[in-house]
Amino acid sequence: MYVFDLHESISKLLFQHKIDIAAKDTHFYNRFLANAAAIDALYKEIYGSHPNQKVCFNQLLETILLAYQQRSFALKQRDLAKQNKGNWFLSNELTGMSLYVDRFCGHLKSMPEKIDYFNRLGINLLHLMPVFQSPQGESDGGYAVSDFRNVDSRFGTMEDLTSLQQKMSENNMFLMLDIVLNHTSHRHQWAEKAKKGDPYYQDYYYMYPNRNIPDDFEKTMPEIFPEVAPGNFTWNADCNKWVMTVFHNYQWDLNYTNPKVFIEMLDTIFFYANLGVDILRIDAPAFIWKQLGTTCQNLPGAHSILRLIKQCLQVATPGTALLGEAIVAPREIMKYFGTSLYTAKECDFAYNATQMALQWDALATGDTRVMLAAQHDILQKPFGTSWITYTRCHDDIGLGYDDWMIVQAGYNAYEHRKYLKEYYSGMLPSSPAKGALFSVNPKTQDARISGSLASLCGLETAINNQDIFAIAESIQKIILMQAHSFFLGGLPMLFYGDEAGYTNDYSYLQDPGKSYDNRWMHRPVINWEKNKNIEQEGTIENLVFSNTQKLISIRKNLPVFADHKNLQWITPYNIHVAGYIRTGTQPVFCLFNFKNKASYLTWYAFKEAGINPTVVYDHWSGKTFNVGYDNEYLILDPYSFYILEPK
């Protein structure tokens with residue numbers, strides 16, 4: 001939409017900064033004008049009544065312009081290459097790994113020498129867990145940032161990070177980093193100035209002289225970590241004020257009702273984008289907008305902030321994609337992709353956390369019905385956006401899917417969740433899983449689950465018992481879980497250590513800064529001598545690594561696995577089997593048996609979709625099957641799967 005005054009202001013700004021709109025900066029000029037109306041409308045929606053809204057809007061426009069000017073020629077060329085591919089991040093050729101630099105290889109300087117390892121496995125996108133400065137002992141794993149623009153000395157320097165990015169770029173790899181928008185460390189310079197009584201910086205946070213407003217907030221705000229950080233406010237004796245601290249008392253929530261905060265953080269986002277970051281993972285976006293009388297989660301204001309960020313990125317750094325780390329129910333997560341005029345114009349990615357948890361449900365019960373009950377909601381993801389699909393990440397596993405999904409499958413919701421918690425925490429005598437409950441709420445008994453992929457699949461118990469059969473079965477479970485998430489639709493994200501079958505690491509118990517948080521058990525310190533076992537045929541490391549490598553290769557070689565909203569679930573003729581079709585010119589049937597016994601699936605399940613194959617080839621085993629009559633069955637061995645292409 002053309003807005004005369006707005007476009008005139010932008011044109012004057014570009015002229016003042018000597019932007020060459022007729023030649024080298026034409027694409028930028030066109031993007032700026034194309035997105036200007038949306039930027040203006042979203043800004044006014046958020047800050048239209050703020051007394052400094054006009055001045056701050058001009059600062060916003062200048063921030064966008066300066067970000068473009070500071071972008072290197074190489075990154076501008078990379079932007080154009082990505083735009084020529086359309087939605088570059090939907091590709092089946094992308095596979096990621098998330099890792100802690102220090103626990104993976106010690107230091108950023110050591111990361112470039114691991115690129116051959118990633119290339120061998122098939123990884124071409126790295127998510128480096130937070131590397132920016134955060135106080136030792138009060139870092140929350142790096143999510144309490146005290147300096148957004150300096151790498152913490154524990155990991156290296158900014159020069160080490162930029163050197164790694166350049167090396168990755170040379171190897172056609174992509175980089176993902178976190179941006180913590182919701183809060184800063186109480187050691188951040190803004191917080192330090194606020195502590196000293198500076199009203200300008202006190203307005204960067206939610207700070208109150210007494211408990212009146214905090215108590216009003218507490219009436220409707222839930223507690224995030226009731227065990228270790230009860231309540232949502234912390235008294236600060238330096239400035240004699242209550243500060244909003246939704247997560248930990250050392251993490252101060254930023255006040256986005258102040259447009260200065262938005263501009264500061266947008267400038268930080270541009271700083272990361274201009275380092276060469278391809279995907280920015282926005283931590284805890286559900287919390288960034290606060291409003292009395294609400295839960296202060298998933299509010300419309302949070303979506304407006306994210307949409308405004310996206311429009312600004314589209315102008316200055318269009319090759320940068322956004323991942324919203326919102327771990328919420330499927331119907332709520334869809335809003336983070338954008339709605340109405342902004343459908344597919346908010347976050348490019350979201351975590352498919354519901355599906356991840358439902359896979360663990362299916363593995364524990366051998367029953368896929370709860371998983372299938374959720375699929376209608378999950379399939380509402382708009383075209384042009386994608387999931388991060390995964391079996392494990394740095395965080396706990398929350399059983400956050402709705403009770404009605406459990407009830408629809410024929411279970412009692414309370415008893416079902418109780419069973420899952422007991423199964424994965426090892427409290428159930430018949431369970432081989434070895435995990436632990438995290439963040440148990442004593443009032444509700446809600447809890448989440450910690451533990452590595454391998455240990456939750458029973459490998460740790462099997463090794464301890466020296467049970468060869470159980471070890472083989474556990475490895476089969478690991479690969480089943482990875483395969484299901486790899487082919488489902490989205491960008492598969494491995495968690496480091498899972499590619500080599502790492503079990504729980506209990507060394508965190510000796511570290512006072514980590515011992516209170518059992519999630520560190522699934523954040524292992526990599527033993528590179530142990531990892532040499534990937535070369536030795538028949539070892540656990542070799543079997544897990546080579547099978548994971550094979551999964552990645554199959555996915556990269558079949559374009560049907562690009563995320564073009566081409567997923568169709570197969571009718572569940574067997575409750576132990578989950579099956580879906582990736583549709584396209586050459587469709588593929590993906591079938592997974594979550595039962596510890598053989599399962600039988602009628603061949604009619606293939607024909608019902610209207611494809612009617614006569615012969616199917618399994619990309620996993622290399623076998624070919626003749627499609628039988630409707631009263632005949634395809635047999636799936638315990639914890640087995642097929643990737644079947646009609647021939």
Side-chain angles (χ1 to χ4, degrees), residues 95 352 355-372 375 389-393 397 420 423-424 431-435 449 451-462 469-490 492-495 497-503 540-555 561 569-570 572 574-580 582 588-601 618-623 634-644:
T95 306
N352 200 346
Q355 179 63 34
M356 178 274 298
L358 289 166
Q359 284 186 218
W360 289 106
D361 185 304
L363 189 70
T365 62
D367 187 337
T368 64
R369 287 177 295 176
V370 180
M371 179 195 296
L372 294 175
Q375 296 311 316
T389 57
Y390 61 111
T391 58
R392 204 69 201 85
C393 70
I397 298 170
L420 294 174
Y423 181 93
Y424 285 117
S431 170
K434 201 166 182 66
I449 297 161
S452 73
L453 169 64
S455 289
L456 293 179
C457 286
L459 184 58
E460 184 177 341
T461 299
F469 173 79
I471 288 172
E473 184 176 77
S474 298
I475 292 171
Q476 186 64 34
K477 289 182 188 178
I478 291 168
I479 303 306
L480 170 75
M481 293 288 281
Q482 297 287 42
H484 192 269
S485 66
F486 269 36
F487 299 114
L488 188 67
M493 187 70 69
L494 287 167
F495 191 59
D498 288 350
E499 82 284 0
Y502 271 68
T503 55
I540 290 170
E541 294 82 4
N542 169 264
L543 290 169
V544 176
F545 187 92
S546 60
N547 281 308
T548 305
Q549 185 183 49
K550 185 176 177 181
L551 289 175
I552 294 170
S553 177
I554 291 171
R555 183 177 177 277
F561 290 120
W569 285 85
I570 294 171
N574 186 318
I575 66 169
H576 310 305
V577 177
Y580 50 79
R582 298 304 302 275
V588 174
F589 293 82
C590 304
L591 303 170
F592 307 87
N593 180 19
F594 283 89
K595 186 70 175 171
N596 60 356
K597 296 178 182 177
S599 292
Y600 296 75
L601 182 68
D618 180 25
H619 285 274
W620 181 247
S621 66
K623 295 178 181 178
L634 174 67
I635 302 173
L636 291 89
D637 290 333
Y639 302 120
S640 69
F641 60 92
Y642 291 117
I643 309 299
L644 299 168

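Scope of the values below: all heavy atoms of this structure, side chains included, with no hydrogens, waters or symmetry mates.
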Write down the atom of [X], the atom of [Y], and the distance for their closest heavy-atom approach.
X: Gln359; Y: Met481; value: NE2-O, 3.1 Å
X: Ile479; Y: Val544; value: CD1-O, 4.1 Å
X: Pro572; Y: Leu372; value: CB-CD1, 3.3 Å
X: Asn574; Y: Ser599; value: ND2-CB, 3.7 Å
X: Gln476; Y: Ser640; value: NE2-CA, 3.6 Å
X: Ile635; Y: Ala598; value: CG2-CB, 4.3 Å

Please confirm whether the backbone N or O of [Y] pairs with a side-chain atom of [X], one donor and one acceptor, at under 3.5 Å?
X: Ser455; Y: Gly435; value: no
X: Glu499; Y: Gly497; value: yes
X: Arg582; Y: Phe487; value: yes
X: Asp618; Y: Ile643; value: yes

Hydrogens and angles aside, do Glu460 and Thr503 bring a side-chain donor and acceptor to less than 3.5 Å of each other?
no

Compare all side-chain heavy atoms of [X] with those of [Y] and state whether any distance is below 4.5 angstrom.
X: Leu636; Y: His576; result: no
X: Lys595; Y: Val577; result: no
X: Phe469; Y: Ser474; result: no
X: Phe495; Y: Leu453; result: no
X: Pro492; Y: Phe486; result: yes
X: Met371; Y: Trp360; result: no
X: Asn547; Y: Trp620; result: yes
X: Asn352; Y: Leu488; result: yes

Is the number of heavy atoms from other residues, nucleotides or ligands under 6.0 Å of Lys434 NZ greater than 12?
no

Between [atom1] of [X] and [atom2] of [Y], what distance do you get to the nearest 0.5 Å?
X: Leu363; Y: Leu456; atom1: CG; atom2: CG; result: 9.0 Å
X: Gln375; Y: Gln355; atom1: CD; atom2: CD; result: 4.5 Å
X: Ile475; Y: Glu541; atom1: CD1; atom2: CD; result: 9.0 Å
X: Leu591; Y: Ile570; atom1: CG; atom2: CD1; result: 5.0 Å
X: Leu459; Y: Ile478; atom1: CG; atom2: CD1; result: 5.0 Å
X: Tyr424; Y: Cys457; atom1: OH; atom2: SG; result: 7.0 Å

State which residue, out of Tyr642, Phe641, Phe561, fulfils the side chain to side chain contact (heavy atoms under 4.5 Å, CB included) condition with Cys590.
Phe561

Given Asp367 and Phe594, is the side-chain contact (heavy atoms from CB on, under 4.5 Å) satisfied, shown in steps?
CA-CA 7 Å; Asp367 187 337; Phe594 283 89; over 6 Å; no

Apply side-chain contact (heavy atoms from CB on, under 4.5 Å) to residues Leu634 and Leu644 and explain how you reach the verdict.
CA-CA 12 Å; Leu634 174 67; Leu644 299 168; 4.0 Å; yes

Which of these passes side-chain hydrogen bond (donor to acceptor under 3.5 Å, both in side chains) with Gln482: Thr391, Asp498, Thr389?
Thr391

Hey, can you tell me if Trp569 and His484 have their rings parallel, tilted or perpendicular (30° and 60° cut-offs)?
tilted

